[in-house]
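Below is one structure, written out as structure tokens, with a few remarks after it.
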Amino acid sequence: MESLRTHYSIDVTSKEFGKIISVAGWIEDIRNIGSIAFIILRDRKGTLQITALKKQHKEIFDKLVNISRESVISVEGLCQQSDKARNGYEIIPNEVNILSNAETPLPLGVVDKIESELETRLDNRFIDLRKQEIQAIFKIRNEIIAAVHEYLRKEHFIEVHTPNIIASSSEGGTDVFKLKYFEKEAFLAQSPQLYKQMLMSTGLDRVYEIAWYFRAEEHNTRRHLNESTAVDLEMAFIKDEEDVMKILENLVYNMWKRASLCKEELDILNQKVTVPKLPFKRVKYDDVIDNLNKNNCNLQWGADLGSEEEKLLGEIMKKQGHEFYFITKYPIEAKPFYTMPEEEKYSRGFDLACKGVEIASGSQRIHDVDLLINRLNACNLNPKDFESYLKAFRFGMPPHGGFGFGIERFLMNLLDIKNIRECILFPRDRTRLTP
RNA sequence: GCCCUGGUAGUGUAGUGGUCUAUCAUCCGAGCCUGUCGAGCUCGGGACUCGGAUUCAAAUUCCGGCCGGGGCGCCA
């Protein structure tokens with residue numbers, strides 16, 4: 001055999017009929033009818049059929065029929081047109097190489113008729129990922145991240161990488177993972193917030209990062225991970241937060257558009273992606289509260305929206321034709337310390353929501369160091385703990401703003417996936433540390 | 001952090017004090033079958049999360065551990 005694989009399953013065309021080709025992959029199914037057997041082989045692009053006849057070649061027939069499912073083989077044989085086989089052709093094998101034998105029974109069936117639970121699937125993720133509908137999620141994920149790079153580079157953002165091991169918690173509030181760093185104590189970053197802001201003092205002006213977020217909160221829900229990814233972005237010399245929102249809505253637009261082009265994967269997932277229209281609706285926080293209170297909510301001014309209120313707002317906005325919308329001018333007390341205040345009680349912070357779920361949040365940031373220290377104190381944080389961050393504000397810091405944007409939440413929303421653990425290859429949740 | 005909930009073959013389930021020697025499907029194994037594609041048929045295999053308590057009797061009730069699922073708060 002000259003090579004393990006000359007063709008992928010779906011790349012075989014009528015040009016190959018009558019020729020010797022080789023294919024390789026995992027044995028998905030063996031249907032032994034007696035004197036004839038059909039072996040379904042799966043590769044990256046799809047499946048194909050190998051047809052073995054006992055009469056014609058008993059040795060190869062016996063070999064193929066006795067391999068366990070999900071073993072890896074390479075087959076060389078005659079490619080023959082067949083209306084009865086999938087893809088319109090079948091391979092008549094003349095050489096079979098077993099590259100890897102799968103143990104039996106499988107901990108999880110790839111094409112079994114019985115659905116497994118998410119836990120079983122995650123415990124055996126390497127097999128779970130053999131399913132085309134699971135792979136489709138990550139192929140789409142790859143595409144939308146490509147769209148992020150493409151769009152942001154076009155807008156002159158540069159991709160950066162900031163530390164994940166840090167000396168103090170980024171923003172206070174949420175729980176962080178503590179770890180030993182030689183003789184010191186360190187933490188895992190809950191976001192690149194402080195670093196991307198510091199980069200605004202360098203003149204790089206526009207940066208973004210596909211960032212890891214580590215959060216030690218002990219929640220156990222469908223929409224929380226303890227390790228997640230995000231698109232984090234920061235830009236300098238902005239007039240106000242509107243400049244940031246423009247980038248964000250265009251980014252989201254481009255991501256949806258790119259996802260809508262993944263026709264094959266969307267078909268497999270039975271999903272339709274409708275590209276949103278620009279610009280997204282801007283709604284002031286005050287109007288949101290009024291609107292919700294008119295609809296039988298009892299919200300105090302200054303309160304953050306609970307998940308039920310968020311959902312209700314999503315329904316109200318949808319009736320008005322807005323699937324995506326910004327909530328702007330949040331009360332300063334509902335936003336983190338680095339958020340730029342506006343007037344007495346407001347801020348230049350915003351959230352982007354889609355279908356009643358918050359998918360991104362951002363703001364214009366404070367660039368004045370005295371104001372920043374005031375806000376730290378007001379939030380019961382100690383400016384001393386933030387000295388290396390504050391230093392970047394003392395020697396020339398332009399006005400700036402940015403946002404963070406959870407990739408898994410976005411995928412859930414995009415593909416109507418019910419559990420966030422489906423959106424990341426190897427999820428880390430409250431109890432899961434392996435695989 | 002708080003609250004609710006669950007754990008039966010490899011997988012997914014039925015069974016809620018007593019012929020349970022535990023159901024069914026899938027799966028695995030042996031066999032039959034020349035056009036399967038959820039192949040079919042015959043035969044066989046395989047399980048009660050762990051520890052303690054109650055009881056004549058526990059998969060089933062109670063307590064605890066371990067491991068899950070979900071909701072709230074918080075957040076992405």
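Everything numeric here is computed off the predicted structure, so don't read it as measured data. The chains referred to below are lettered A, B, ... by the order of the sequence lines, with proteins before strands, and numbering in each begins at 1.
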| A:T431 side chain near B:G68 phosphate (N/O to OP1/OP2, under 4.0 Å) | yes
| field | Rounded distance in Å between the P positions of B:G29 and B:G46 | value | 15 Å
| request: Give, for atom CG of A:N419 and atom CD1 of A:I424, the distance between the pair rounded to the nearest 0.5 Å. | output: 12.0 Å
| For the atom pair NZ (A:K329) and CZ (A:F350), what is the distance rounded to the nearest 0.5 Å? | 11.0 Å
| query | Rounded to the Å, how far apart are A:I424 CD1 and B:A76 C1'? | reply | 11 Å
| Interatomic distance where NE2 belongs to A:H219 and P belongs to B:G73 [whole Å] | 12 Å
| query | Going by atom types only, do A:R365 and A:S363 share a side-chain donor-acceptor pair under 3.5 Å? | reply | yes
| Along nucleotides 30-43 of chain B, 5' to 3', which nucleotides get a B, which get an S, and which get a -, given that the test is a protein heavy-atom distance under 4.0 Å? | ---BBBBBBB----
| When you check the phosphate oxygens OP1 and OP2 of B:G68, does a side-chain N or O of A:R432 lie under 4.0 Å from one of them? | no
| request: Once you apply the 3.5 Å cut-off to both distances, tell me the Watson-Crick or G-U wobble partner of B:G40, or none. | output: B:C32
| task | Kindly compute the distance separating CD (A:E90) from CZ (A:F17), expressed to the nearest 0.5 Å. | result | 10.0 Å
| Can a side chain N or O of A:R223 be found less than 4.0 Å away from OP1 or OP2 on B:C72? | yes
| task | Determine whether the side chains of A:Y213 and A:E227 contain a donor N or O and an acceptor N or O closer than 3.5 Å. | result | no
| query | Which is true for A:E218 with a 4.0 Å heavy-atom rule: it touches a base, it touches only sugar-phosphate, or it touches nothing? | reply | base
| message | Measuring only the C1' atom in each nucleotide, how far is B:G64 from B:G70? A whole number of Å is fine. | response | 23 Å
| query | Quick one: is A:T229 getting a side-chain N or O under 4.0 Å of the B:A76 phosphate, OP1 or OP2? | reply | no
| said: Quiz question: by atom type and distance under 3.5 Å, do the side chains of A:S14 and A:E16 form a donor-acceptor pair? | reply: no
| task | State, without any angle test, whether A:S347 and A:R375 hold a side-chain donor-acceptor pair at a distance under 3.5 Å. | result | no
| How far does the P atom of B:C43 sit from the matching atom of B:U36, given to the nearest Å? | 25 Å
| A:R215 CZ to B:G73 P, straight-line distance once rounded to whole Å | 17 Å
| said: On RNA chain B, does the nearest nucleotide to A:P107 precede the nearest nucleotide to A:E358 from the 5' side, or the other way round? Give the residue. | reply: A:P107
| said: Any base atoms under 4.0 Å from A:D123, or only sugar-phosphate, or nothing? Heavy atoms, all strands. | reply: nothing
| Below 4.0 Å: OP1/OP2 of B:G70 and any side-chain N or O of A:R421 | yes
| If pairing requires Watson-Crick or G-U wobble contacts with both distances under 3.5 Å, which nucleotide is the partner of B:U26? | B:G10
| message | Heavy-atom nearest nucleotide on RNA chain B for A:D112 versus A:L122: which residue maps closer to 5'? | response | A:D112
| task | Looking only at side-chain atoms of A:P105, point me to the closest of B:G10, B:G71, B:A76. | result | B:G10
| query | Rounded to the nearest Å, what distance is computed from the CG atom of residue A:N419 to the C1' atom of nucleotide B:G71? | reply | 13 Å
| task | For A:R430, answer base if it contacts any base atom (sugar-phosphate contacts may also be present), sugar-phosphate if it contacts only those atoms, and nothing otherwise; contact means non-hydrogen atoms under 4.0 Å. | result | nothing
| Watson-Crick or G-U counterpart of B:G64, or none if no pair lies under 3.5 Å | B:C50
| field | Who pairs with B:C56 - Watson-Crick or G-U, where each distance is under 3.5 Å | value | B:G18
| Using atom C1' of each nucleotide, how far apart are B:U11 and B:A58 to the nearest Å? | 27 Å
| field | A:I420 CD1 to B:G71 C1', straight-line distance once rounded to whole Å | value | 16 Å
| Same-atom distance (P) from B:C4 to B:C62, integer angstrom | 15 Å
| If we take the C1' atom in both B:C48 and B:U23, what is their distance in whole Å? | 13 Å
| said: Donor-acceptor pair, distance only, cut-off 3.5 Å: does the side chain of A:S35 make one with the backbone of A:K54? | reply: no
| task | Figure out the CG/C1' separation between A:L108 and B:U26, and round it to whole Å. | result | 13 Å
| field | P gap between B:U61 and B:G6, integer Å | value | 10 Å
| said: Whole angstroms only, please: what is the CD-C1' distance between A:E115 and B:A25? | reply: 14 Å
| remark: Regarding the side chain of A:E117, the nearest nucleotide among B:U13, B:C72, B:C27 is B:U13
| task | Check each of A:E28, A:Q132, A:R86 against A:T47 using the side chain to side chain donor-acceptor pair (under 3.5 Å) test, and report the only one that passes. | result | A:R86
| Between B:G17 and B:U13 - C1' atom distance, rounded Å | 22 Å
| Think A:N124 has a side-chain N or O under 4.0 angstrom from the OP1 or OP2 of B:U11? | no
| request: Take the protein atom CZ of A:F214 and the nucleotide atom P of B:A76, then report the distance between them rounded to whole Å. | output: 16 Å
| query | So, is A:R409 close to the B:C75 phosphate, meaning a side-chain N or O under 4.0 Å from OP1 or OP2? | reply | no
| query | Is there any ring pair (Phe, Tyr, Trp, His ring centres under 6.0 Å) pair reaching into residues 122-150 of chain A, and which pairs are they, with sequence neighbours excluded? | reply | A:H149-A:Y208
